[in-house]
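Quick notes on the structure that follows.
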Amino acid sequence: MIPLSWYMALAAILFSIGVYGFLTRRNIIIMFLSAELMLNGVNLNLVAMSYYLESMRGQVFTFFIITVAAAEAAIGLGIAICLYRNRRTVYVDEVNQLKG
Amino acid sequence: MLMLLFFCYCAVVIIGTGLLAVTLRNPVHSVLMVLILFFHMAMLYLSLGAEFLAAVQVIVYAGAILVLYLFVLFLVSLKEELRMPRFVSSAWLGRLIAGGLAACLLYILPVFSTGARGNWPAERVREITPTRALATEMYSASVLPFEIAGLILLVAVIGGLLLARREKDSSNTNG
């Protein structure tokens, strides 16, 4: 039997990898992909706890998170396409129109 | 012992492909790395008795969301991506924050103590298959969130259509 804390450690590391990608990459699409990694880290946590605490609540939550992730991907990538169409760039540090 | 080996394999692959996904130069390679990661997540879900979520992980995440990412990647130009720098100029700050966050999370992990147990012991779940247990919980205790999730998907469909729509008058100027 694998202890619950191992799953939680893996989820924490996966979440941190997502944060790392989100904060360092320039490409907005890879930033969204990093956000998906973060969501997956949380999902792993919820499923593991659902198994170890003998409750279905965590799996229901994971189901909703996957739904919201799909919506987020659709909207976010729509915004990325808009950005590319209007500014011809997908690099977040080149989008500085609002900067004084 | 076998489960331990399985978990270690999955953990190593997940961490390795995750790190590769956020550092590789070619975005298409990043997406393919995330594909491998999602499949191993699905394997972990299977070992945790969440077979429905494992199927959803493969179908929705690996099948739908990643294909959407690939489509959008191919819509924007990939050629210049291979020559441009990958990281923002203040990437060291991001590395510091992410490393600090990982250290903090792993440091406070032993303090965590589990709460009260739920009402789905393993025997009961095994009696009426995990998928039916999940459905029973979802359609009884969380009906309202389920409806709201449907509403969110509707908003996403409308929003995606609205964002990706090309304006009539600017179509000839933007080519």
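So you know, we letter chains A, B, ... as the sequences are listed, proteins then strands, and number each from 1.
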* Determine whether Asn43(A) and Tyr45(B) make a side-chain contact, defined as any pair of heavy atoms from C-beta on separated by less than 4.5 Å. => yes
* **Min side-chain heavy-atom separation Tyr20(A)-Ile97(B) under 4.5 Å** => no
* Asked: Using non-hydrogen atoms only, which part of Met41(B) is less than 4.5 Å away from chain A: side chain, backbone, both, or neither?
  -> side chain
* Other residues, nucleotides, ligands: >12 heavy atoms within 6.0 Å of Phe61(A) CZ -> no
* Residue Val90(A) versus chain B: region with a heavy atom under 4.5 Å -> side chain
* So do the side chains of Leu75(B) and Tyr84(A) get within less than 4.5 Å of each other, counting heavy atoms only? -> no
* Asked: Are the side chains of Phe112(B) and Met49(A) in touch, meaning some heavy atoms are under 4.5 Å apart?
  -> yes
* Hey, is the main chain of Pro85(B) close enough, under 3.5 Å, to the side chain of Arg26(A) for a donor-acceptor pair? -> yes
* Heavy-atom proximity to chain A below 4.5 Å, by part of Ala135(B) -> neither
* To do: Evaluate the side-chain proximity of Leu163(B) to Leu77(A): yes if any heavy-atom separation is below 4.5 Å, no if none is.
  => no
* To do: Verify the distance criterion only: is there a donor paired with an acceptor across the side chains of Asn119(B) and Glu54(A) at less than 3.5 Å?
  => no
* Can Leu153(B) be reached from Ile59(B) by stepping across I, L, V, M, F, W or Y side chains whose heavy atoms are under 4.5 Å apart? -> no
* Structure fact -> Heaviest contributor of heavy-atom pairs below 4.5 Å to chain B, chosen from Gly78(A), Ala80(A), Ser34(A), is Gly78(A)
* Most heavy-atom pairs under 4.5 angstrom with chain A, which of Gly160(B), Gly159(B), Ala50(B)? -> Ala50(B)
* Toward chain A, the part of Arg124(B) with a non-hydrogen atom under 4.5 Å -> neither
* Name the member of Met56(A), Met1(A), Glu72(A) that forms the most heavy-atom pairs with chain B at distances under 4.5 Å. => Met56(A)
* Structure fact -> The interface call for Val60(B) against chain A, heavy-atom contacts under 4.5 Å, is side chain
* Contacting region of Leu24(B) [heavy-atom separation from chain A under 4.5 Å] -> backbone
* To do: Tell me, out of Ile81(A), Ile29(A), Leu4(A), Val19(A), who's got the most heavy-atom pairs with chain B below 4.5 Å.
  => Ile29(A)
* Minimum heavy-atom distance Gly118(B)-Ser55(A), with the two atoms named -> CA-CB, 3.8 Å
* If you take all heavy atoms of Tyr7(A) and Ser47(B), which pair is closest and at what distance? -> OH-OG, 3.8 Å
* To do: Check whether Leu19(B) gets within reach of chain A through its side chain, its backbone, both or neither, counting any heavy atom under 4.5 Å.
  => both
* Check: Arg25(A) side chain, Val22(B) main-chain N or O, donor-acceptor pair, under 3.5 Å -> yes
* Structure fact -> Whatever's closer than 4.5 Å to a heavy atom in chain A on Leu44(B) counts as side chain
* Structure fact -> So, the part of Leu109(B) with a heavy atom under 4.5 Å from chain A: the answer is side chain
* Quick one: of Val92(A), Asp93(A), Ile66(A), Thr89(A), who has the most non-hydrogen atom pairs under 4.5 Å with chain B? -> Ile66(A)
* Asked: When heavy-atom pairs shorter than 4.5 Å are enumerated against chain A, which of Ile152(B), Ile14(B), Val76(B) gives the highest number?
  -> Val76(B)
* Asked: Tell me, side chain or backbone of Phe15(A) under 4.5 Å from chain B's heavy atoms, or both, or neither?
  -> side chain
* Asked: Which region of Val31(B), side chain (C-beta onward) or backbone (N, CA, C, O), has a non-hydrogen atom less than 4.5 Å from a non-hydrogen atom of chain A, or is it both or neither?
  -> both
* Structure fact -> Leu105(B) and Ser16(A) have their tightest heavy-atom pair at CD1-OG, 4.3 Å
* Proximity breakdown for Leu37(B) and chain A, heavy-atom pairs closer than 4.5 Å -> side chain
* Identify which part of Leu14(A) has an atom lying under 4.5 Å from any heavy atom of chain B, answering side chain, backbone, both or neither. => side chain
* Begin with the C-alpha distance, continue with both residues' side-chain angles, and end with the deciding distance and a verdict on side-chain contact (heavy atoms from CB on, under 4.5 Å) for Trp6(A) and Leu4(B). => CA-CA 10 Å; Trp6(A) 288 28; Leu4(B) 194 68; 3.4 Å; yes
* **Which of Arg86(B), Met138(B), Met1(B) touches chain A most, by non-hydrogen pairs under 4.5 Å** => Arg86(B)
* Proximal component of Thr23(B), with respect to chain A [non-hydrogen, under 4.5 Å] -> both
* Anything under 30° is parallel, anything over 60° is perpendicular, the rest tilted; go ahead and classify Phe146(B) against Phe63(A). => parallel
* In terms of heavy-atom pairs under 4.5 Å with chain B, which of Thr62(A), Leu44(A), Val68(A) leads? -> Leu44(A)
* To do: Please state whether the side chain, the backbone, both or neither of Tyr91(A) comes within less than 4.5 Å of a heavy atom of chain B.
  => side chain
* Please look at Ala64(B) and chain A and tell me whether the side chain, the backbone, both or neither of the residue comes under 4.5 angstrom of a heavy atom of that chain. => neither
* To do: Grab the two heavy atoms, one from Asn27(A) and one from Pro27(B), that are nearest each other, plus how far apart they are.
  => ND2-CG, 4.0 Å
* Are Leu10(A) and Phe7(B) close enough, and set up right, to give a side-chain contact (heavy atoms from CB on, under 4.5 Å), and what steps lead you there? -> CA-CA 10 Å; Leu10(A) 177 60; Phe7(B) 176 82; 4.2 Å; yes
* **Which atoms of Pro110(B) approach chain A - backbone, side chain, both or neither, heavy atom under 4.5 Å** => neither
* Structure fact -> Heavy-atom nearest pair, Ala12(A) first then Leu106(B), reads CB-CD2, 4.3 Å
* Kindly give the heavy-atom pair with the smallest separation between Tyr61(B) and Leu39(A), and that separation in Å. => OH-CB, 4.0 Å
* hydrophobic_cluster_shared for Leu46(B) and Val12(B), side chain cutoff 4.5 Å -> no
* To do: Flag the pair Val155(B) / Ile75(A) as yes when at least one side-chain heavy-atom distance between them is below 4.5 Å, and no otherwise.
  => no
* Asked: Are Ile148(B) and Phe64(A) side-chain neighbours, meaning at least one heavy-atom pair lies under 4.5 Å?
  -> no
* To do: Would you mind checking which part of Val72(B) comes under 4.5 Å of any heavy atom in chain A, side chain (CB onward), backbone (N, CA, C, O), both or neither?
  => both
* **For chain B, the option from Leu23(A), Val47(A), Ile30(A) that forms the most heavy-atom pairs under 4.5 Å** => Val47(A)
* Structure fact -> Interface check, chain A: of Phe38(B), Phe52(B), Phe87(B), Phe71(B), most non-hydrogen pairs under 4.5 Å belong to Phe87(B)
* Any donor and acceptor pair, going by atom type alone, linking the side chain of Arg57(A) with main-chain N or O of Glu137(B) inside 3.5 Å? -> no
* To do: Please examine the side chains of Tyr69(B) and Glu36(A), heavy atoms only from C-beta on, and report whether any two atoms are closer than 4.5 Å.
  => yes
